[in-house]
Undergrad: 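After the structure tokens below, expect a handful of questions from me.
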Amino acid sequence: MHLARKVALAFPQFGTTGAHFNALRQHWGDAAWETWCRALAANKPFLVDGNSVVVKLVAQGEAWVGMTDSDDIADGQRKDCRSHPCP
């Protein structure tokens, strides 16, 4: 599946997104993580200012996939955003 400009995530240098990236790196190892990061970057994801913006982009249909955390998804759902969390 081609996901160019269809993935959204908060800047990974900060907060939970940074923690998620670090957890993936620890779990997969450096080489696999770097390969994944290159593939992600090649798809030109939306890099936004926070997880709530990720939820909004998915709800508006601008992004098909949003990498975010569950509290922002729950908040978006309370505000009638169309999003479906995946495990």
Side-chain angles (χ1 to χ4, degrees):
M1 177 186 291
H2 187 63
L3 294 174
R5 297 300 291 168
K6 295 297 179 188
V7 176
L9 64 145
F11 286 102
Q13 297 95 319
F14 311 107
T16 55
T17 306
H20 292 157
F21 271 55
N22 189 43
L24 291 173
R25 187 175 197 160
Q26 289 178 359
H27 182 71
W28 290 340
D30 288 344
W33 180 80
E34 289 172 10
T35 298
W36 180 81
C37 285
R38 281 191 213 91
L40 178 63
N43 279 300
K44 298 177 177 56
F46 292 103
L47 294 174
V48 298
D49 290 331
N51 289 321
S52 63
V53 180
V54 172
V55 173
K56 288 177 188 174
L57 287 173
V58 172
Q60 294 167 352
E62 293 183 51
W64 294 350
V65 176
M67 299 171 65
T68 188
D69 46 20
S70 59
D71 64 318
D72 287 285
I73 293 170
D75 187 53
Q77 289 174 330
R78 282 190 294 273
K79 296 175 181 172
D80 291 328
C81 289
R82 296 174 293 119
S83 61
H84 304 282
C86 297

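Owing to the predicted nature of the structure, the values given are computational and were not obtained by experimental measurement.
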Undergrad: Taking all non-hydrogen atoms of both residues, which atom of Val58 and which atom of Val65 are closest, and how far apart?
TA: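 What the structure gives for the nearest pair is CG2-C, 3.9 Å.
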Undergrad: Any link between Met67 and Trp64 through a network of hydrophobic side chains (Ile, Leu, Val, Met, Phe, Trp, Tyr) touching at under 4.5 Å?
TA: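 Hydrophobic grouping puts Met67 with Trp64.
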Undergrad: Can you give each donor-acceptor pair under 3.5 Å made by side-chain atoms of residues 28-35, sequence neighbours left out, with the distance rounded to 0.1 Å?
TA:
unit_1 : atom_1 : unit_2 : atom_2 : d
Asp30  : OD1    : Arg25  : NE     : 2.9
Trp33  : NE1    : Phe21  : O      : 3.1
Thr35  : OG1    : Ala31  : O      : 3.0

Undergrad: Taking only residues two or more places apart in sequence or in another chain, which ones pass side-chain contact (heavy atoms from CB on, under 4.5 Å) with Ala4?
TA: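 Ala4 satisfies side-chain contact (heavy atoms from CB on, under 4.5 Å) with His2, Asn43 only.
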Undergrad: Which residue pairs pass the salt bridge (Lys or Arg N to Asp or Glu O under 4.0 Å) test when at least one of the two sits in residues 45-54, sequence neighbours left out?
TA: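 Non-adjacent pairs meeting salt bridge (Lys or Arg N to Asp or Glu O under 4.0 Å): zero.
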Undergrad: What distance separates His20 NE2 from Asn22 CG, expressed to the nearest 0.5 Å?
TA: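 CG of Asn22 is found 11.0 Å from NE2 of His20.
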Undergrad: Using atom types as modelled, flag every donor-acceptor pair under 3.5 Å from a side chain in residues 9-17 to any protein atom, sequence neighbours excluded.
TA:
unit_1 : atom_1 : unit_2 : atom_2 : d
Thr16  : OG1    : Asn51  : ND2    : 3.0
Thr16  : OG1    : Asp69  : OD2    : 3.0

Undergrad: Is there a side-chain contact between Ser52 and Asp75 (heavy atoms, below 4.5 Å)?
TA: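 Result no, sub-4.5 Å side-chain heavy-atom pair not found.
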Undergrad: Within this structure, what is the NZ-CG distance for the pair Lys6 and Leu57, rounded to the nearest 0.5 Å?
TA: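 Rounded to the nearest 0.5 Å, the NZ-CG separation comes out at 10.5 Å.
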